[in-house]
J.: 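One structure is given below, represented as structure tokens, and several questions about it will come after.
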Amino acid sequence: MSIQVQQVSKQFGTFAALHDVTLDVPDGQLVALLGPSGSGKTTLLRVIAGLETPDAGRVLLGGQDITHAGPGERGIGFVFQHYALFKHLSVFENVAFGLKVKRGGQRPAPAIIRDKVMRLLELVQLDWAAARYPAQLSGGQRQRVALARALAVEPQVLLLDEPFGALDASVRQELRDWLRRLHDEIHLTSIFVTHDQAEALEIADRIVVFNAGQIEQEGTPEEVYDQPATLFAYRFLGKANVLAQADGQVTLARPHDLHLHLTSVAGGIPGQITRIHVVGPEARVDVARSDGLGSLEVHVPKTQLGGVQVGQTVFLSAERQVVLPDKAGT
Amino acid sequence: MRRIFTSALLLGGAATAATITLLNVSYDPTRELYQDINAAFAKQWQAKTGDTLKINASHGGSGAQARSVIDGLEADIVTLALAYDIDAIADKGLLPENWQKRLPYNSSPYTSTIVFLVRQGNPKGIKDWGDLIKPGVQVITPNPKTSGGARWNFLAAWGWAQKKYGGEAGAKDYVTKLFKNVPVLDSGARGSTTTFVERGIGDVLLAWENEALLATRELGVGKFQIIVPSVSILAEPPVTVVDKNAAKHGTAKVAQAYLQYLYTAEAQEIIAKNFYRPRSQDVATKYAAQFPKVNLFSIAQFGGWRAAQKKFFADGGVFDQVYSGR
Amino acid sequence: MTSRLSSGRPARRHILPGLNLTLGYTLLYLSVIVLIPLAALVLKAAGLGLDGFWAAINTPRVWSALRVSFLTALAASLVNLPIGLVIAWTLTRYRVPGRRLVDALIDLPFALPTAVAGITLTTLLSPNGWLGAPLLEAGLRVAYTPLGIIVALIFIGLPFVVRSLQPVLEDLGYEPEEAALSLGATPSQTFARVILPALYPALLSGFTLALARTIGEYGSVVFISGNLPFKTEIAPLLIVGKLEQYDYAGAAAVAVAMLVISVTLLLAANSAQARLGRRGQA
Amino acid sequence: MTTSKASVPQLRRTRLQRWWPTFMVTLTLILVGLLLVLPLLVVLITAFRSGVGPYLQALQTPDTLSALRLSLLTVLIVVPLNTVFGVSAAWATAKFDFPGRSLLLTLIDLPLAVSPVISGLVYVLLFGRQGWLGPWLEANDLKIIFAPAGIILATTFVTFSYVARELIPVMQAQGKDDEEAALTLGASGWQTFTRVTLPNIRWALLYGVIMCNARALGEFGAVSVVSGKIRGLTNTLPLHVEILYNEYQTVAAFAVASLLALFALLTLGLKALIESRTGHSHP
């Protein structure tokens, strides 16, 4: 089901968490809200969930205005950053919670609840842990229980607040892949909040970049990475090398878009290698510019490194570069 | 509450005869006395009228008890340590001003006096009031501000000293020295007795005669003895009906009968057995051995309780001066 | 994190239900049980007028009683700091025989009726008591002296100090201590410069709670104090004394004075703890 | 004696002299023994001074039994009242932020700092015959002071803060996530409270109830001001102890006192049980 956010604003005291935000999420997409801490992405997610009331604007779900509906009436599933599992309930009971609190006629029969919960636990590969309590599970397992719990009420949309934020790096990677696969399986419209650009780039269909309570850019991962609309978006999505800065314009290039030359080339930037650092198949080379305008980072495949050494003078050219308006403060 | 209690009893059985509840609000040392009186009177009342009489008792410091009645404790009868406390109740319109004239002997069916209780053998050689201000003698008395008995103690000492030194200045000097010898000032007469008897503090306890007798006969046989000073005060603990409450409860008649009963030979005997001096000459003669002759002066010497209270015990009065003068 | 930022701030409309109901009920109940009765007290005292109120308070007797109440409570609360620290420290760090029992006993003064505590301590400490007799032998009179009041108040205040310290000591763990030691601090330096400062908020809160609680204590004190004016007469006893002379307004005046002291202490404790707490988090 | 944590680094062992823990434990036991165990022993020994017979007899007199009944009645009314209040106040102050919240928190603590004598006095000034509402109460034949109602009110005042004080920090620390999760899952406000919040706070709640109960059972100063001390009618157990003591019935007084001490110990035992369930000691 599609989600429309129309001109939503939200103020906390003197702090504007959201300022006139408008966003369309088409049915069946997995969308990432990406931005630094305090940029408003979590607030937007909570407004969609009904956990915060916007000061202005509307929220539509499948074309229906739900701005003033309670969080339980919206048909959303919400996954909390710190899971918010009910400690006193077993894994099974946690997942069954949303079904058991349904009012009289709508509450499924116990046998149906049982089947459904067990199916969901199988889906998140935790059917073996039904009788356990949250305290007996690892972080990743808990997050999967939280997900199963949110899915149990058959939500129209799934909202995840920094779902992997509290997990170890390896578990995180595993869960990312798993979430993407899950989404491909069930095609539930989903929005997740993250401050990790790699995470957003890896699994989202679309990325919405947030900054200071406003949407900075919106697009596919390729679009936002390769054609950032603003300097902020460019910088937030990856390492940015400033090639030139003049007349309110700044020219930037990503490290792997730079080429390393041993001899002078046209328009090449001369510099001296200060450090060579090999990370797996890739070599990261730091070059101090001879014109004294700072240093640049170049990524080249290790096999193409040749015999360059620290201290050697090299020339850099950009295969692809972006020119953006130079806004101060980014 | 009384009503609830009454109906509860009624529901419980005894449906033919009425059950009447009476509340006697009294002061600390009369617990044992009224336990006996209540039983005897209830029995007599039932024999006479067929009604079951339940007499509730409340005990505490005389002033505190009077205050409770003023604040709404619905006593049918008050039996307090001194007339001043009942005057205070009368001031609030709960009973007539002339209450003390309603029963014989200033409405006091029994009297007592203030005596000395010392440890067996009287190691400090205490004979009279003058010995109390000797250095090294520790005197136990409660606080006149909070205890009726203590006010009698104070006035007894004052009366003796005024006569001895022939004036107020001498009397004041005497009581000042006296209270310098007081190491503990309990809030009530019972507290003082406990301090002296159980805690072993002090050489001499200024006590109601009935308390002193109770202590020698029941608390520590052979451990204490009573010293009767050359002169002491005639303590007249008064009793009266609290008209307004009795009228409200419909208990005026039985309350009146209860107080009149206190003057009967039967009650006077109980009174004497509980170490109070009976008014009845016959009973007094019978128990003469128990109550030695003491030269007594009365509260009239101080112009009555209202005057005495104002002069001695009100804020800024003589008692406060005795303490603030140090 | 964004989530913390947003949840920590007031929302215009609350999503969680029940604020109106619970806040309304809380305020109603608070008013009926606490505020209206206290207002009646203040009104009664106000009936004296400012001059009358001051005249009722400004007597040597009242000042002395307030001083006795305050100083003995202060002394007892101060003594309770090291005692409470030793007990809380030991209970959280060392293997104490019967630890659960000892820990449970800490709350005894809470649960034991104050009158029973008063009678018992008097029995124990009077010149012919188990402890009183040997102490008197050693030249120390406890019962019927200010020292007796202090002992009773130490008993009453102890749980407040121990219970304030325990959770903080548990949270503190060994790390800061070990860090200090690894940096070359001596054990006493470690204690004075690392552990004690971390305990200041808890010590302060335990101290003030004990002080506020003991300053008005009555039941456990009247039996042991001796009640001598200008020496061991406490302010609550003065209130009772005034009542028994039918001086309601005077009693209310002294009560208001005590109330002001207690409220001031409570406010001071709350704000000081908030300040120290903030510093502790930084 | 060794330290209780298993993973204590070598550093500590070498630094601290071996006698230090022993010294601290001994000191603690002495302090606890002198300050807490000894008074408890005095109560018990005095109560049983004349043997078990007189002890049991003292507990079975009609006056003692009626005082016990009144004390239990008081507790039965006061504890639920203050519990409902405590939960309500904790919900309002821990889950929401509103202007005047910190003032409210201070006011909730206020009764803790009020002298028991004053706690009784305020009700006399309000409901006594001379009090603000006295004439109206009298006209309508309603009795509050010198009746169980007054005792219950004064006890409510004294134990007002206990449940709320226990719950507020716990609820504050737990935050709102669980409740919000329940709401997104479709639970109603009441379902959220009973199925999520209540289980989360149950031990703190029980602890608060126990402490409230203990104080309510033992309150003396405030109750003595409003009781009227009518034997068999308005006497609670602590007042009855004083009365017996004043009647020179020391054994009986301490027997009743030991009953109260027994309640206290039972309470503390229950509390220890809670702590072993929750696995950590409670503030």
Side-chain angles (χ1 to χ4, degrees), chain A residues 12-13 42 45-46 48-52 69-90 93-104 106-108 133-135 142 145-162 166, chain D residues 83 87 90-103 166-167 169-209 273-283:
Chain A
F12 291 121
T42 290
L45 195 75
R46 289 170 60 86
I48 295 171
L51 293 172
E52 304 283 358
E73 305 158 4
R74 301 187 171 202
I76 50 112
F78 199 96
V79 177
F80 290 78
Q81 183 180 2
H82 298 287
Y83 331 126
L85 291 182
F86 306 132
K87 291 183 282 296
H88 62 287
L89 299 180
S90 67
E93 291 294 331
N94 260 286
V95 177
F97 184 90
L99 301 170
K100 289 194 170 176
V101 294
K102 278 188 195 287
R103 257 151 276 254
Q106 292 168 305
R107 187 186 311 143
Y133 283 84
R142 283 183 215 181
V145 175
L147 196 61
R149 184 178 69 174
L151 291 174
V153 292
E154 293 180 6
Q156 317 279 1
V157 300
L158 185 60
L159 307 172
L160 306 102
D161 184 8
E162 306 240 5
Chain D
T83 304
V87 171
W91 180 271
T93 56
K95 303 282 179 198
F96 300 96
D97 206 346
F98 47 86
R101 181 176 161 276
S102 62
L103 177 69
E166 263 330 302
L167 289 185
V170 172
M171 270 176 130
Q172 232 161 6
Q174 283 172 353
K176 300 193 288 193
D177 276 8
D178 281 14
E179 282 79 11
E180 289 181 345
L183 286 182
T184 63
L185 292 169
S188 69
W190 182 247
Q191 284 173 325
T192 303
F193 174 72
T194 52
R195 299 193 182 200
V196 174
T197 310
L198 216 50
N200 272 343
I201 58 168
R202 60 185 179 226
W203 296 117
L205 182 65
L206 188 55
Y207 183 82
V209 165
L273 200 73
I274 290 175
E275 278 163 8
S276 68
R277 285 293 301 262
T278 50
H280 63 89
S281 75
H282 224 286

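Here the structure is a predicted model, which is why all the values come from computation and not from measurement.
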J.: Considering only heavy atoms and a distance below 4.5 Å, find which of His88(A), Arg74(A), Lys87(A), Glu73(A) pairs most often with chain D.
T.: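 Of His88(A), Arg74(A), Lys87(A), Glu73(A), His88(A) has the most heavy-atom pairs under 4.5 Å with chain D.
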J.: Nearest 0.5 Å please: distance from the NZ atom of Lys100(A) over to the CD atom of Gln191(D).
T.: 12.5 Å
J.: In terms of heavy-atom proximity below 4.5 Å to chain D, should Leu85(A) be classed as side chain, backbone, both, or neither?
T.: backbone
J.: Quick one: closest heavy-atom pair of Phe86(A) and Asp178(D), and the distance?
T.: CE2-O, 3.3 Å
J.: Under 4.5 Å between any side-chain heavy atoms of Gln81(A) and Asp177(D), yes or no?
T.: no
J.: In terms of heavy-atom proximity below 4.5 Å to chain D, should Ala152(A) be classed as side chain, backbone, both, or neither?
T.: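 For Ala152(A), neither part sits under 4.5 Å from chain D.
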J.: Which value, rounded to the nearest 0.5 Å, describes the distance between Leu185(D) atom CG and Lys102(A) atom NZ?
T.: 9.5 Å
J.: My understanding is that only residues two or more places apart in sequence, or in another chain, count here; which of them pass side chain to side chain donor-acceptor pair (under 3.5 Å) with Gln172(D)?
T.: none
